[in-house]
Amino acid sequence: MSNDHHRNRSVEKKIRFTPEEWQQASAILDQVREYRPMSLNEFVCQSVLGKQITLIAVPLDYTKMEVQVNKIGVNVNQIAHRVNAQDYATLEEVSKVKAELAEVHRLVGEAWKKFNEQQDR
C-alpha cells in the first residue's frame, strides 16, 4: 500500500471467522457502533489486546431537538419565500431563527457536557 508510511499500524493480517463467529462478532460490533463509530480493525485490535471497550450513552433529548430544528426549518422557509417574493426579510424573522439556532446549540452543548462527565467517571 502506498499510504502505509502514514499509518501507525503497518503490519497487516487476515482473520477468518466461521459464519457463527462472524454473526456473534458482528452483533457485538453493531452494539458498539450504536454509541460510537468504530471500525472493524479498531474493534478487533482492542478486543485482542484485552482493552476495555466502553460504551457511553449520551442522554440527548431528541424530541426537543426535533422541535427546534423543525421551527428553524419553518422559519427559514418563510424567510426564503418572502425574500423570493419581495426581496427582503424582516429583522424579526431573522432574529427568531437566530434564537432558535441558539437553543439547538444549547441543547447540543448540554449533551456534550453530559458525555464528557460520563467519560471522566
Side-chain angles (χ1 to χ4, degrees):
M1 290 184 190
S2 62
N3 288 336
D4 280 350
H5 64 281
H6 295 293
R7 298 180 181 196
N8 290 333
R9 295 184 175 122
S10 59
V11 177
E12 185 176 325
K13 299 292 178 185
K14 271 188 184 179
I15 58 172
R16 296 178 186 265
F17 295 94
T18 66
E20 295 79 18
E21 290 168 338
W22 175 245
Q23 186 176 19
Q24 186 178 3
S26 180
I28 295 168
L29 181 55
D30 287 344
Q31 285 179 333
V32 170
R33 285 179 173 161
E34 286 180 23
Y35 294 95
R36 73 179 194 95
M38 180 178 277
S39 67
L40 175 62
N41 184 67
E42 183 182 5
F43 174 70
V44 170
C45 285
Q46 287 192 14
S47 298
V48 168
L49 297 174
K51 294 182 180 177
Q52 184 175 3
I53 299 172
T54 305
L55 304 180
I56 300 173
V58 178
L60 183 60
D61 191 337
Y62 292 104
T63 305
K64 279 186 183 177
M65 187 76 71
E66 184 178 16
V67 167
Q68 287 304 122
V69 170
N70 284 337
K71 283 182 181 180
I72 292 167
V74 167
N75 286 328
V76 168
N77 284 337
Q78 288 173 348
I79 290 171
H81 181 27
R82 173 149 312 140
V83 168
N84 287 330
Q86 301 171 0
D87 288 333
Y88 76 92
T90 67
L91 182 59
E92 181 183 342
E93 290 170 325
V94 174
S95 296
K96 195 172 183 181
V97 171
K98 285 177 69 175
E100 289 166 356
L101 280 170
E103 177 64 10
V104 169
H105 188 263
R106 186 189 67 74
L107 291 170
V108 171
E110 278 181 17
W112 274 114
K113 183 179 177 184
K114 289 177 183 176
F115 173 77
N116 287 327
E117 287 170 356
Q118 286 184 359
Q119 275 196 322
D120 290 341
R121 291 180 192 167

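This chain uses plain numbering: 1 for the first residue, then up along the sequence.
- No continuous path of hydrophobic side-chain contacts links I72 to V67 [ILVMFWY only; heavy atoms under 4.5 Å].
- In the hydrophobic clustering of ILVMFWY residues, with side-chain heavy atoms under 4.5 Å counting as a link, V48 and W22 come out together.
- The distance from the CD atom of E100 to the OG atom of S95 is 11.0 Å, given to the nearest 0.5 Å.
- Among all heavy-atom pairs drawn from A25 and F43, the shortest one is O-CE2, 4.0 Å.
- Q86 CD: more than 12 foreign heavy atoms inside a 6.0 Å radius.
- Taking both residues in full, the closest heavy atoms of I79 and V97 are given as CD1-CG2, 3.7 Å, listed atom of the first, atom of the second, then distance.
- The salt bridge (charged side-chain N to carboxylate O under 4.0 Å, His left out) check on E21 picks up nothing, with sequence neighbours excluded.
- Put simply, V32 and I15 are part of the same group of oily side chains (I, L, V, M, F, W, Y) that touch within less than 4.5 Å, one to the next.
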*asked:* Pair N75, Q78 - check side chain to side chain contact (heavy atoms under 4.5 Å, CB included), show working.
replied: CA-CA 5 Å; N75 286 328; Q78 288 173 348; 3.3 Å; yes
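- The pair E93-K96 does not meet the salt-bridge criterion, since no charged nitrogen lies less than 4.0 angstrom from a carboxylate oxygen.
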*M38 vs Q46, side chain to side chain contact (heavy atoms under 4.5 Å, CB included): CA-CA, chis, key distance, verdict*: CA-CA 11 Å; M38 180 178 277; Q46 287 192 14; 3.9 Å; yes
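- Once rounded to the nearest 0.5 Å, the distance linking CG of N41 with CD of E12 reads 9.0 Å.
- No continuous path of hydrophobic side-chain contacts links V74 to L107 [ILVMFWY only; heavy atoms under 4.5 Å].
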